[in-house]
Amino acid sequence: MIDKRVANADVAIEKLFDGAVILAGGFGTCGVPENLIAAVLRKGTKNLTCVSNNAGTMDAGLGLLLKTHQIKKMIASYVGENKVFEQQFLNGEIEVELNPQGTLAERIRAAGAGIPAFFTPTGVGTVIAEGKEVREFDGRKYVMERGLRGDFAFIKAWKGDRWGNLIYRKTARNFNPVMATAADYVIAEVEEIVELGSLQPENVHTPGVFVNAIFQGVNYEKQIEKRTVRKRA
Amino acid sequence: MAKGLAEKENLAQGEDSKRELIAKRVAQELRDGYYVNLGIGTPTLVGNYIPQGMEVVLQSENGMLGIGPFPYEGEEDADLINAGKETVTEIPGTSYFSSADSFAMIRGAHVNMTVLGALQVDEKGNLANWAIPGKKLKGMGGAMDLVASSPRVIIAMEHATRDGQPKILKQCTLPLTGQQVVDMIVTELAVIDVTPEGLVLREVAPGVTPEDVQKLTEPKLKISENLKTISV
């Protein structure tokens, strides 16, 4: 019997240790593993390296763990919109490694697919390529980037079953499916755990093989960073 | 005080009309069936001027093809945002995908055109638009991937800095986003092509002379034999 369900976020992160590398899904505050981040806040785990597209905001996402100085290093593509992060960086309290967004996604994809390194045209002739191998293929230059794995992956999905099959909703998918492939221990929090067999097999985004633990999250805030609307005609 | 405010408003309106002129001119570069990625700010406005009768699909690098308009008030969905983190809507034909698929699509040159802003562009087509050393730390987001692999890169920006310094330079001084990546520059004054022979002035805004453009441009511009006036 395969049953990856756990009671809640606190149980799910029992194995989390100081100094761990965490891949955290989300784009801005969209599709962020809110329950798992709150559990890390409660547990007080320190010296974390967090890999995520952004560093959250002052009061959402990984921004919450920055405030409590639980993050030692961020690997991200864009860290604007967060004053706490900026201050800690200027004070030398936090290390940051900026990756182009596509390179970040591909480093994780590669690691999850058993590929240790790859060549990409992104960043050739920029600071990103400094100290890295640059090679020419078919007359064009490419920079070598390494795969990027985590000890843990924190995944936010819409629905999942006890086998760990997941589906995501709209643009809350973002980095979640790729991160689910590239960590030693992958935890998925979902808005709804459904009966095995009720997800359409054709519509499963993350097959359960990638997931180690799954739980139904509670009290989703789902903050909106930029509320843009149009007037009704 | 009141006068100051009015002046400010006039200035703001001036900025708006500049941005609109730029967006409308860039929109003329769209073709039926194009998949296009629009950057944050002025480039986003290009989406408002897709020529009648054309189907153009907007790509958002956070994992969406077919970006619809902003939602009506009260219908915002936190799970549905564009790469600028603004709430948007879906349209018939919209698809969603992961960040890895999104950038495979971009690096694989399946997205036909990318439009983005710039801090500096130089005569070799080098672009700097992500960092000012010593200033705020932000990050490059998806810009480096987009410019490295897009078949057509158009820069939509104001021609000079707020204090009148050229942004089109002989050589970029800020950290580069990409090397020899820009194909065309559209500003409120001019349309300039980046060619192996240097920058070619193709069009000037109504009432603007090539000399006016050259004054605010560091490298020497070649003037196209059939120089036109921007018509939007």
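What you see is a predicted model; the values in this text were computed from it and never measured. Below, chain A is the first sequence line, B the second, and so on; all start at residue 1.
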**From CD1 (Ile187(A)) to CG (Leu23(A)), nearest 0.5 Å** = 11.0 Å

**Item:** Part of Val79(A) lying under 4.5 Å from any heavy atom of chain B
**Value:** both

**Item:** Partners meeting side-chain contact (heavy atoms from CB on, under 4.5 Å) with Ala131(B) (sequence neighbours left out)
**Value:** Pro175(B)

**Prompt:** For Ile108(A), is it the side chain, the backbone, both or neither that has a heavy atom under 4.5 Å from a heavy atom of chain B?
**Reply:** neither

**Item:** Most contacts with chain A, counted as non-hydrogen pairs under 4.5 angstrom, among Ala143(B), Gly63(B), Ala78(B)
**Value:** Ala78(B)

**Prompt:** Of all of Ala105(A), Gly31(A), Pro177(A), Pro100(A), which one pairs up most often with chain B through heavy atoms under 4.5 Å apart?
**Reply:** Pro100(A)

Tell me which donor-acceptor pairs, judged by distance alone and kept under 3.5 Å, run between chain A and chain B, one pair per line.
| residue | atom | partner | partner atom | Å |
| --- | --- | --- | --- | --- |
| Ser77(A) | O | Met140(B) | N | 3.1 |
| Ser77(A) | O | Gly141(B) | N | 2.9 |
| Val79(A) | N | Lys138(B) | O | 2.5 |
| Gln101(A) | N | Gly141(B) | O | 2.8 |
| Gln101(A) | N | Asp145(B) | OD2 | 3.3 |
| Gly102(A) | N | Asp145(B) | OD1 | 3.4 |
| Gly102(A) | N | Asp145(B) | OD2 | 2.9 |
| Gly102(A) | O | Arg107(B) | NH1 | 3.2 |
| Thr103(A) | N | Asp145(B) | OD1 | 3.3 |
| Glu106(A) | OE1 | Arg107(B) | NH2 | 3.3 |
| Thr122(A) | OG1 | Asp145(B) | OD1 | 3.1 |
| Arg140(A) | NH2 | Ala148(B) | O | 2.6 |
| Arg169(A) | NH1 | Asp77(B) | OD1 | 3.1 |
| Arg169(A) | NH1 | Asp77(B) | OD2 | 3.0 |
| Arg169(A) | NH1 | Asp79(B) | OD2 | 2.8 |
| Arg169(A) | NH2 | Asp77(B) | OD2 | 2.6 |
| Lys170(A) | NZ | Glu90(B) | OE1 | 2.9 |
| Thr171(A) | N | Asp79(B) | O | 2.9 |
| Thr171(A) | OG1 | Asp79(B) | O | 2.8 |
| Thr171(A) | OG1 | Ile81(B) | N | 3.0 |
| Ala172(A) | N | Asp79(B) | O | 3.4 |
| Asn174(A) | O | Ser99(B) | N | 3.0 |
| Asn174(A) | O | Ser99(B) | OG | 3.4 |
| Phe175(A) | N | Ser99(B) | OG | 3.3 |
| Lys222(A) | NZ | Asp79(B) | OD1 | 3.4 |
| Lys222(A) | NZ | Asp79(B) | OD2 | 2.7 |
| Lys226(A) | N | Lys85(B) | O | 3.3 |
| Lys226(A) | O | Thr87(B) | N | 3.1 |
| Lys226(A) | NZ | Gly84(B) | O | 3.4 |
| Arg227(A) | NH1 | Glu76(B) | OE2 | 3.0 |
| Thr228(A) | N | Thr87(B) | OG1 | 2.9 |
| Thr228(A) | O | Thr87(B) | OG1 | 2.7 |
| Thr228(A) | OG1 | Thr87(B) | N | 3.1 |
| Thr228(A) | OG1 | Thr87(B) | O | 2.8 |
| Thr228(A) | OG1 | Thr87(B) | OG1 | 3.2 |
| Arg230(A) | N | Pro71(B) | O | 2.9 |
| Arg230(A) | NE | Phe70(B) | O | 2.5 |
| Arg230(A) | NH1 | Tyr72(B) | OH | 3.3 |
| Arg232(A) | NH2 | Glu75(B) | OE2 | 3.3 |

**Fill in**
In terms of heavy-atom pairs under 4.5 Å with chain A, the winner among Leu80(B), Leu137(B), Leu176(B) is Leu137(B)

**Note, Thr49(A) side chain near Ile22(A) side chain (heavy atom, < 4.5 Å)** = no

**Asked** Do the ring planes of Phe154(A) and Phe152(A) sit parallel (below 30°), tilted (30 to 60°) or perpendicular (above 60°)?
**Response** perpendicular

**Asked** Side chain, backbone, both or neither: which part of Ile81(B) has an atom under 4.5 Å from a heavy atom of chain A?
**Response** both

**Item:** Contacting region of Leu98(A) [heavy-atom separation from chain B under 4.5 Å]
**Value:** both

**Message:** Do Val124(A) and Phe119(A) make a side-chain contact, defined as non-hydrogen atoms from C-beta onward lying under 4.5 Å apart?
**Reply:** no

**Request:** Working to the nearest 0.5 Å, report the span between CG of Leu199(B) and CG of Leu221(B).
**Result:** 6.0 Å

**Complete:** Contacts of Phe210(A) meeting ring-ring contact (aromatic ring centres under 6.0 Å, His included) (sequence neighbours excluded), chain-then-number -> none

**Fill in**
Sequence neighbours excluded, the answer for side-chain contact (heavy atoms from CB on, under 4.5 Å) partners of Ala110(A) is Ile115(A), Phe118(A)

**Message:** Could you measure the distance from the OG atom of Ser198(A) to the CG atom of Asn165(A)? Nearest 0.5 Å is fine.
**Reply:** 10.0 Å

**Complete:** The interface call for Ala83(B) against chain A, heavy-atom contacts under 4.5 Å, is both

**Item:** Toward chain B, the part of Phe89(A) with a non-hydrogen atom under 4.5 Å
**Value:** side chain

**Asked** When rounded to the nearest 0.5 angstrom, what distance separates CD1 in Ile214(A) from CG in Leu166(A)?
**Response** 5.0 Å

